[in-house]
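Residue numbers start from 1 in every chain, and the chains themselves are labelled A, B, ... in the order their sequence lines are given, proteins ahead of strands.
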Amino acid sequence: MKKSVRVRFAPSPTGSLHIGGARTALFNWLFARHHQGTFILRIEDTDAERSSPEMIDVITESMSWLGLAWDEGPLLQSGFLDRYRDRAQRLLSEKACYHCFCTAADTSAENDSAFQGGGCAAGCSDLGAAESAARREAGEEAAVRLRIPEGRGVIGFEDLVFGRVEVQSSELDDFVVLRADGTPTYHLSVVCDDIEMEISHVIRGADHISNTSKHILLFEALGAPIPDFAHLPLILGPDRKRLSKRHGAASVLEFRDQGVLPQALLNYLALLGWSPGDDREFFTLDELSDAFTLDRVNKADAVFDSQKLEWMNGKWIGRLPAEDLEQAVRDVLEKAELWDASLGRERRIWFRHVIGLLKPRVRTLHDFAHYGRAFFTDDFVYETEPVNKYLKISDPREKQRMVTGLSQLIQAYSTVDEFTLESTERILRAIAAQHGLKTGAFIGAVRVALTGKGVAPGLFDVLVALGQSKSVERIDQVRRCLQ
RNA sequence: GGCCCCAUCGUCUAGGGGACUAGGACGCCGGCCUCUCACGCCGGAAACAGGGGUUCGAAUCCCCUUGGGGCUACCA
């Protein structure tokens with residue numbers, strides 16, 4: 001019988017949810033979905049020093065924003081401390097573990113100098129039960145180490161991504177499972193919980209590949225079945241070092257705050273280290289969970305490319321219907337204080353229309369506020385470059401033609417009955433022709449008048465979107481400046 | 001240092017002995033479209049790390065070298 005799929009994402013709340021962690025969460029989530037399994041969120045907060053409750057909130061908020069819902073949890077390891085102590089106690093009584101009286105400072109000094117091999121160099125592993133007990137009774141502090149079984153030989157496992165991975169047990173040190181203060185180390189808590197939660201597949205970063213042999217030893221010592229393992233290649237910065245703060249944005253919430261869509265981030269992340277095997281590039285979460293299999297995960301580490309993310313974000317903005325973008329764009333405009341809260345129904349329809357105009361030329365949500373500013377407020381600046389190009393006319397006769405053209409345009413636009421794409425274009429072209437104005441120059445001038453920019457959606461779209469009176473007003477204002 | 005892992009254009013990748021004059025995507029460079037920009041379309045430059053094998057035949061299999069990453073904590 002095939003065991004049911006139960007996977008977990010187990011971040012430690014020592015920092016915000018990183019891009020690498022997000023991808024691990026995503027792959028676990030996809031694997032669970034693909035197999036109709038269970039996705040568990042477990043918080044590895046056994047290091048009280050570095051963990052913080054705020055970070056747990058950040059992690060859950062990040063995952064919710066991404067749309068990676070968990071079926072069980074969040075389960076905090078700090079709530080299971082007894083469980084780990086009990087297991088350690090059992091291992092102690094079975095002599096699979098032993099008390100080590102060396103201090104942390106002792107052992108780190110040893111590790112710096114040379115590889116010790118085997119157990120604790122001070123010989124704690126050979127201490128008799130009586131002596132060990134006596135010293136502890138005398139108040140000496142002791143950590144608990146796992147005894148690497150003598151002659152265990154090679155420890156190997158069949159990684160679902162990397163294939164066969166092996167290491168000699170003699171390469172392993174007797175690692176600490178319980179600190180002197182009675183709290184578990186990572187190795188113990190992960191294994192205990194993976195047993196307790198009946199995790200079927202451990203899917204995690206490749207930085208844990210070397211830890212896996214230790215974990216296998218613990219599973220064996222605890223007499224528990226060993227889950228399948230799948231390690232994911234790491235995500236690197238452009239310098240091929242592990243992705244971190246100094247590479248710029250690295251946390252999920254930062255990307256959100258920079259105007260990235262969750263769909264785009266997820267889509268991009270899915271393609272980092274995994275490929276569908278064909279040329280498809282755009283995937284929804286549903287499509288991903290259909291297509292996703294571990295055997296298509298790559299082994300090589302991947303460099304994070306923010307340019308491609310941005311491209312993909314632009315594509316997602318472009319392909320999403322305006323309704324779906326509405327709320328996110330609203331949030332951005334609100335932050336930029338460009339949002340008129342009193343928008344009525346008609347104005348909402350207009351709003352969607354403007355989103356539609358801006359959509360194909362925008363790469364992040366922020367661009368709606370920057371690039372599209374003139375749609376939402378009269379308080380915009382006239383950029384010098386396009387002003388110089390279209391409105392600073394040195395030749396007096398040329399300039400006169402432009403002023404006349406604009407005057408006529410204002411006249412015609414303010415009196416035309418139907419202010420439409422068709423009429424605005426017909427009128428403008430006719431006036432340009434009539435006064436010997438180059439159409440491009442005339443359009444350019446009007447565009448600057450309306451938006452302050454040399455780059456904007458098609459002029460007639462802009463005119464209609466701004467509406468008759470506001471368009472005329474802005475053109476007139478520029479005309480007066482010209483004279 | 002020791003151990004483990006990895007290696008196709010700058011980047012993400014397809015490729016799992018002949019279908020490879022190595023395909024796609026981002027980025028870059030040209031062109032078309034056009035009122036600007038973007039979108040779209042067309043085209044271009046750009047890679048099998050090096051060396052040995054195995055084989056009739058290697059990007060694909062093996063070995064070595066080189067490069068990169070990970071682990072080597074009473075962090076996770």
(Q) The side chain of A:Thr46 is closest to which nucleotide in this list: B:rC5, B:rA76, B:rC37? (A) B:rA76
Q. How far does the P atom of B:rU13 sit from the matching atom of B:rC56, given to the nearest Å?
A. 36 Å
(Q) Just by distance, no angles: are the side chains of A:His208 and A:Asn211 close enough, under 3.5 Å, to form a donor-acceptor pair? (A) yes
Q: Verify whether one side chain among A:Ser78 and A:Asp45 offers a donor that lies under 3.5 Å from an acceptor in the other.
A: yes
(Q) Just the rounded figure in Å: distance from C1' of B:rG69 to NZ of A:Lys299. (A) 15 Å
Q: With the side chain of A:Arg50 defined as its heavy atoms from C-beta on, choose the nearest nucleotide among B:rA73, B:rG15, B:rU13.
A: B:rA73
Q: Take atom C1' in B:rC3 and the same atom in B:rG44, then report the distance between them in whole Å.
A: 47 Å
Q) To the side chain of A:Asp279, which of B:rG24, B:rA73, B:rC37 is closest? A) B:rG24
(Q) Expressed as a whole number of angstroms, how long is the span from A:Asp367:CG to B:rC37:P? (A) 17 Å
Q) Where the side chain of A:Ala300 is defined as all heavy atoms beyond and including C-beta, which of B:rA7, B:rC39, B:rU72 is the nearest nucleotide? A) B:rA7
**Q.** NZ/NE/NH1/NH2 to OD/OE distance under 4.0 Å, A:Arg164 and A:Glu166
**A.** yes
Q. Expressed as a whole number of Å, how far does the C1' atom of B:rG43 sit from that of B:rC33?
A. 15 Å
Q: With P as the reference atom in both, quote the distance from B:rC41 to B:rA46 in angstrom, rounded to an integer.
A: 24 Å
Q: Can you figure out which of B:rA76, B:rC39, B:rU11 approaches the side chain of A:Pro360 most closely?
A: B:rC39
Q: Using only heavy-atom distances, determine whether the side chains of A:Ser189 and A:Arg87 contain a donor-acceptor pair under 3.5 Å.
A: no
Q) Between atom CG in A:Asn313 and atom P in B:rG27, what is the gap in whole Å? A) 13 Å
Q. Which nucleotide sits closest to the side chain of A:Asn298: B:rA76, B:rU13, B:rA73?
A. B:rU13
Q: May I ask you to decide if the ring planes of A:Phe376 and A:Phe351 are parallel, tilted or perpendicular, using 30° and 60° as cut-offs?
A: perpendicular
Q) Of the nucleotides B:rA14, B:rC4, B:rC74, which has the atom closest to the A:Ile209 side chain? A) B:rC4
Q: Look at the side chain of A:Lys308 against the base of B:rA25 and say whether a donor-acceptor pair falls under 3.5 Å; ignore hydrogens and angles.
A: yes
Q.
From CG of A:Leu236 over to P of B:rA7, roughly how many Å is that when rounded to an integer?
A. 14 Å
Q) Of the candidate nucleotides B:rG27, B:rC12, B:rG23, which contains the atom at the shortest distance from the side chain of A:Trp311? A) B:rG27
Q: With rounding to the nearest 0.5 Å, note down the distance linking CD1 in A:Ile155 to CD in A:Gln168.
A: 8.5 Å
(Q) Mind checking if A:Leu271 touches a base, just sugar-phosphate, or nothing, with heavy atoms under 4.0 Å? (A) sugar-phosphate
Q.
For B:rC37, does the base pair up with any side-chain atom of A:Arg361 as donor and acceptor (N or O, under 3.5 Å, distance only)?
A. yes
Q | Touch class at under 4.0 angstrom, heavy-atom based, for A:Phe175 against every strand present | A | nothing
(Q) Of the listed nucleotides (B:rC4, B:rG27, B:rG69), which one gets closest to any side-chain atom of A:Gln307? (A) B:rG27
Q: Round to the nearest Å and state the distance from A:Leu358 atom CG to B:rC39 atom C1'.
A: 13 Å
Q. What about A:Tyr268: does its side chain form a donor-acceptor pair under 3.5 Å with the base of B:rC12?
A. no
**Q.** Closest listed nucleotide, where the reference is the side chain of A:Arg240 and the choices are B:rU13, B:rU72, B:rU11
**A.** B:rU11
Q) Can you tell me how far C1' of B:rU11 sits from CZ of A:Phe304, to the nearest Å? A) 12 Å
Q.
Just the rounded figure in Å: distance from P of B:rC12 to CG of A:Leu232.
A. 16 Å
Q. How many Å lie between CZ on A:Arg42 and P on B:rA76, as a whole number?
A. 12 Å
